[in-house]
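Counting starts at 1 for both ligands and their atoms, following the listed order. Residues: numbered from 1 along the sequence shown.
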Amino acid sequence: MPVPNSGDDTGAPILPGATIGILGGGQLGRMTALAAANLGYRCHIFCQNIDEPAAQIASQTTLARFDDADALDSFAARIDVATLEFENVPIATLERIAARVPVHPAPSVQAVAQNRLREKTFANELGIATTPFRAVGDAAALAAVMTEIGTPAVLKTVRFGYDGKGQVGINAASDPVAAWADSGAGPDTDGGILEGFVDFDCEISVIVARAASGQTAAFVPVENRHRNHILDETIVPASIPDATAETARNVAIKLCDGLGVVGLLAVEMFVTAAGDVLVNEIAPRPHNSGHWSIDAGRTSQYEQLVRAICGLPLGDPTRRCDAVMKNLIGDDVETWRDEIEDPRARLHLYGKAETRPGRKMGHITRLGAPFTG
Ligand code: AMP
């Protein structure tokens with residue numbers, strides 16, 4: 001299903017001094033707003049809860065629901081360009097804003113990324129490999145699809161899954177009715193998707209920035225290690241053969257070009273023992289696996305986003321040094337007093353008042369050997 005190229009029609013760059021609207025108030029928005037401030041832009045955050053991390057440091061905030069038409073119109077009237085930091089902003093919300101100001105990446109891109117069936121189909125249509133998958137409409141269909149895809153497999157909701165939520169492992173003995181119920185898939189999630197289980201060697205991601213001109217800049221592939229389905233550490237660079245790294249970068253750039261992204265596209269991939277690179281998921285926004293670029297990159301992913309959506313030239317995506325980014329999840333944040341004393345560790349805290357299990361409270365980037373390549 002082709003997506004119309006959303007390449008830019010705004011013409012002139014949006015210059016420093018202008019206001020960037022960000023939908024979503026989390027840490028990704030906070031770090032985008034900090035990068036925007038460095039380049040002389042103001043940010044206006046549209047978020048649904050008080051005291052969110054991005055709202056704490058923004059010049060303006062709108063506190064309203066994503067379906068509040070009046071709030072959206074008044075937000076759009078006070079910004080020059082909009083982007084988002086939260087994956088599941090409703091498409092109708094984005095389209096309402098796009099009727100007044102440019103929204104990057106475009107609503108058409110978000111519509112693909114919000115739907116696991118569409119994103120995998122889109123990749124396959126570009127000749128990019130994914131794990132085998134099939135749509136599953138209900139529990140009765142699951143039994144047949146299990147036979148078709150084979151086991152082990154993973155059942156996921158088509159929409160609204162993240163950090164392992166809405167996912168159930170399937171083996172030959174699994175009861176389809178129970179598995180369907182456990183996944184939470186149903187009409188609200190546009191059903192389910194059954195994917196073949198990939199016995200991967202490692203999980204990697206590549207983040208690509210793309211300008212309206214079509215210029216792209218890809219960050220180095222990084223390795224992502226998860227704990228309890230949540231990203232725990234990102235290792236920069238991934239230790240994969242050069243040829244695999246090149247394939248991964250090309251896959252990410254091809255997807256970014258194919259979707260016509262203006263802004264950032266993060267592409268999560270599995271690397272198998274045979275060296276195959278399979279796309280798992282895409283996210284057209286800043287990504288947790290790109291936090292390292294603030295301290296170890298020549299240009300951070302957040303600055304690239306600001307440059308891309310404002311029509312400025314992209315920065316140099318190469319790294320200054322190797323790095324390991326560690327998320328501070330839940331009580332991990334208590335280690336900050338030790339980390340702040342380590343001269344090779346860069347500490348970032350997100351200003352969240354309440355620590356909860358599984359909540360991303362901050363991160364540390366440990367700086368490694370200088371990169372001279
Ligand atoms: P996702 O929400 O699709 O990013 O999945 C969360 C995590 O579950 C991934 O980072 C993988 O560790 C694991 N996972 C997801 N899909 C598969 C699959 N098809 N095969 C093996 N592991 C998977």
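For ligand 1, the atoms sitting less than 4.0 Å from at least one non-hydrogen atom of Phe200 are 12 (O), 21 (C), 22 (N), numbered in the order shown with element in parentheses. Which parts of ligand 1 touch Glu268 is read off a 4.0 Å heavy-atom cut-off, strictly below it: atoms 4 (O). Per-residue contacts place Phe197 under 4.0 angstrom from the following atoms of ligand 1 (heavy atoms of the residue considered): 20 (N), 21 (C), 22 (N). With ligand atoms numbered from 1 in the order given, ligand 1 contributes 1 (P), 2 (O), 3 (O), 5 (O), 6 (C), 8 (O), 15 (C) to contacts under 4.0 Å with heavy atoms of Gln167.
Within the 4.0 Å heavy-atom cutoff, Ala153 does not count among the residues contacting ligand 1.
Each of Glu85, His348, Lys352 was evaluated against Gln27; a single residue qualifies, Lys352, per the side chain to side chain donor-acceptor pair (under 3.5 Å) test.
Under 4.0 Å from ligand 1, not a single heavy atom of Asp199 appears.
Taking the charged nitrogens against the carboxylate oxygens, Glu354 and Arg356 do have a contact shorter than 4.0 Å, which makes a salt bridge. Ionic pairing of Glu339 and Arg366 is present here: one or more N-O contacts between side-chain nitrogen and carboxylate oxygen are shorter than 4.0 angstrom. A salt bridge is defined here as a Lys NZ or Arg NE, NH1 or NH2 lying under 4.0 Å from an Asp or Glu carboxylate O, and Asp332 with Arg227 meets this definition.
Residue Val198 places at least one N or O, backbone or side chain, under 3.5 Å from an N or O of ligand 1. Considering backbone and side-chain N/O of His229, none are found under 3.5 Å from N/O of ligand 1. For the pair Glu203 and ligand 1, the shortest N or O to N or O distance falls below 3.5 Å. Between Phe270 and ligand 1, no N or O atom pair is found at a separation short of 3.5 Å.
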(Q) salt bridge (charged side-chain N to carboxylate O under 4.0 Å, His left out) for Asp67 and Arg65? Distances and angles first, verdict last. (A) CA-CA 5 Å; Asp67 60 2; Arg65 290 173 51 89; 3.3 Å; yes
Q: Please assess Glu195 against Lys120 for the test salt bridge (charged side-chain N to carboxylate O under 4.0 Å, His left out), listing each intermediate value before the final yes or no.
A: CA-CA 10 Å; Glu195 300 179 7; Lys120 288 197 163 65; 2.8 Å; yes
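Cluster membership for Val101 and Ile14, using ILVMFWY side-chain heavy atoms within less than 4.5 angstrom, is not shared.
The closest non-hydrogen atom to atom 18 (C) of ligand 1, taken over Thr131, Ile149, Val154, comes from Val154. Which of Glu281, Glu195, Arg116 comes nearest to atom 4 (O) of ligand 1 through a heavy atom is settled by distance: it is Glu281.
The 12-atom threshold is not exceeded at CZ of Arg42, counting heavy atoms of other residues, nucleotides or ligands nearer than 6.0 Å.
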